[in-house]
Amino acid sequence: MGYELHMTRASHWLDSEGCPIAFREWIEFAHNSAALREEGHLGLHGVGRQPAFTWGSPDGVAVGLHWYEGRVILSGAHAPGVDLVGLADLAAGLSANLVGDEGEQYPGSARRRNEGP
């Protein structure tokens with residue numbers, strides 16, 4: 001398994017079940033997002049069959065997204081050319097943070113504007 005990013009409402013993705021993104025909320029958000037495209041289904045142990053989504057970086061790199069245990073997992077988000085600010089903005093649309101496997105936080109464009117130069 002590669003390094004992953006997580007959309008979560010917790011400070012650390014391991015705590016996602018304490019303040020979860022509900023599965024139905026994620027699916028509704030994903031279906032209504034112009035930035036996401038449904039790309040088939042996944043069958044996950046303990047979760048069952050669910051839609052899988054793809055987000056395309058401006059450079060054409062695809063990032064896979066799926067829901068698991070109160071968070072959205074992003075696969076392929078550390079490939080060269082992936083717009084991490086764009087993914088953080090997508091997470092903000094879900095009232096979530098973009099957090100890496102090691103707990104690092106990725107700020108979106110609104111947070112960077114507020115931090116200054």
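Note that the structure is a prediction, hence the values are computed from the model and not measured.
Separating the CG atom in L74 from the CG atom in L84 is a distance of 9.5 Å, to the nearest 0.5 Å. A distance of 6.5 Å separates CE of M7 from CZ of F29, quoted to the nearest 0.5 Å.
Remark: the backbone N or O of S11 is paired with a side-chain donor or acceptor of Q105 at under 3.5 angstrom. W26 places no side-chain N or O within 3.5 Å of a backbone atom of I21 that could act as its donor or acceptor partner.
In this model, a donor atom of one side chain and an acceptor atom of the other lie less than 3.5 Å apart for D101 and H6.
Among residues at least two apart or in separate chains, there is no salt bridge (Lys or Arg N to Asp or Glu O under 4.0 Å) pair with a member in residues 87-98. Counting only residues at least two apart or on different chains, the salt bridge (Lys or Arg N to Asp or Glu O under 4.0 Å) pairs with a member in residues 64-86 are E69-R71. Residue pairs meeting the salt bridge (Lys or Arg N to Asp or Glu O under 4.0 Å) criterion with at least one member in residues 6-19, sequence neighbours excluded: R9-E25.
Nearest heavy atoms, V61 versus P80: CG2-O, 3.4 Å. Contact between L65 and V63 at its shortest, heavy atoms only, is CD1-O, 3.4 Å.
For the side-chain hydrogen bond (donor to acceptor under 3.5 Å, both in side chains) test, no residue two or more places apart in sequence or in another chain qualifies with E102.
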Let me have the donor-acceptor pairs involving side chains of residues 32-39, under 3.5 Å, with sequence neighbours excluded, atom names and distances please.
from: N32; atom 1: ND2; to: E28; atom 2: O; distance (Å): 3.0
from: S33; atom 1: OG; to: A35; atom 2: N; distance (Å): 3.2
from: R37; atom 1: NE; to: E39; atom 2: OE2; distance (Å): 2.2
from: R37; atom 1: NH2; to: E39; atom 2: OE2; distance (Å): 2.8
from: E38; atom 1: OE1; to: H31; atom 2: NE2; distance (Å): 2.8

Counting only pairs under 3.5 Å, give me each side-chain donor-acceptor contact of residues 48-55, with atom names and distances, residues two or more places apart or in other chains.
from: R49; atom 1: NH2; to: H41; atom 2: ND1; distance (Å): 3.2
from: Q50; atom 1: OE1; to: W67; atom 2: N; distance (Å): 3.2
from: Q50; atom 1: NE2; to: W67; atom 2: O; distance (Å): 2.8

